[in-house]
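In this chain, numbering begins with 1 at the start of the sequence shown. Any value given below was found using the heavy atoms of this structure, including those in side chains, with hydrogens, waters and symmetry copies removed.
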Amino acid sequence: QVQLVESGGGLVQAGGSLRLSCAARGHTVSWCAMGWFRQAPGKEREFVAAITWNSGNRYYADSVLGRFSTSRDNVKSTVYLQMNSLKPEDTAVYYCAADRDSFRSGWSRAVEVADFDSWGQGTQVTVSS
């Protein structure tokens, strides 16, 4: 099974930016859609962003639309989440995940945690006010 390793988290002031990376090891994810999720203390894991295997489609939660963007480099087996205009409510552990299906062209419904079967260990993002 693929190993996903997130990096790039940290402490930032409100209005600042961070770029998260998710590197795949041991198995290619070039054929998989990739997702970003986050989980704040006491809350359920929630969808943040997703990108299809060929970058043809990207999806964002309403709460991050216009501030976050996701991209991928299949040669490097790495997915990115650029986070701008960060807010205190963005504070959470951020996880990347690989789609359980290959060559998914997109979602006609909401992106769900259950769509993904490989997860990274998470990286903490803390936004101070």
Per the disulfide bond (SG atoms under 2.5 Å apart) rule, what does the pair list look like for residues 60-129, sequence neighbours excluded?
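For residues 60-129: C22-C96.
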Cut-off 3.5 Å, no hydrogens considered: what does the side-chain donor-acceptor table look like for residues 23-32, sequence neighbours left out?
{"from": "T28", "atom 1": "OG1", "to": "S30", "atom 2": "N", "distance (Å)": "3.0"}
{"from": "T28", "atom 1": "OG1", "to": "S30", "atom 2": "OG", "distance (Å)": "2.9"}

Let me check something: do [X] and [Y] share a hydrophobic cluster, defined by ILVMFWY side-chain heavy atoms less than 4.5 Å apart, either directly or through other members?
{"X": "V113", "Y": "Y60", "value": "no"}
{"X": "Y80", "Y": "L18", "value": "no"}
{"X": "I51", "Y": "L65", "value": "yes"}
{"X": "L86", "Y": "L20", "value": "yes"}

Do the two ring centres, one from F37 and one from W119, sit under 6.0 Å apart?
yes
Mind listing the closest non-hydrogen atom pair of [X] and [Y] along with its distance?
{"X": "M34", "Y": "V79", "result": "CG-CG2, 3.5 Å"}
{"X": "V127", "Y": "K87", "result": "CB-O, 3.2 Å"}
{"X": "L81", "Y": "A49", "result": "CD1-CB, 4.1 Å"}
{"X": "G122", "Y": "E6", "result": "N-OE1, 2.8 Å"}
{"X": "F116", "Y": "D99", "result": "CD2-N, 3.4 Å"}
{"X": "S129", "Y": "A14", "result": "CA-CB, 4.4 Å"}

Reported [atom1]-to-[atom2] distance for the pair [X] and [Y], which is rounded to 0.5 angstrom:
{"X": "Q39", "Y": "E44", "atom1": "CD", "atom2": "CD", "result": "8.5 Å"}
{"X": "W36", "Y": "F47", "atom1": "CH2", "atom2": "CZ", "result": "12.5 Å"}
{"X": "Q124", "Y": "T91", "atom1": "CD", "atom2": "OG1", "result": "7.0 Å"}
{"X": "S17", "Y": "F68", "atom1": "OG", "atom2": "CZ", "result": "9.5 Å"}

Non-neighbouring partners of Y59 that pass ring pair (Phe, Tyr, Trp, His ring centres under 6.0 Å), sequence neighbours left out
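Here the qualifying residues are W107.
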Within-4.5 Å side-chain heavy-atom neighbours: [X] and [Y]:
{"X": "L4", "Y": "Y95", "value": "no"}
{"X": "D115", "Y": "R109", "value": "yes"}
{"X": "M83", "Y": "V12", "value": "no"}

Quick check: does any side chain N or O of [X] sit under 3.5 Å from a backbone N or O of [Y], one acting as donor and the other as acceptor?
{"X": "R67", "Y": "S63", "answer": "yes"}
{"X": "R58", "Y": "T70", "answer": "yes"}
{"X": "T52", "Y": "N57", "answer": "yes"}
{"X": "N74", "Y": "W53", "answer": "yes"}
{"X": "D73", "Y": "K76", "answer": "yes"}

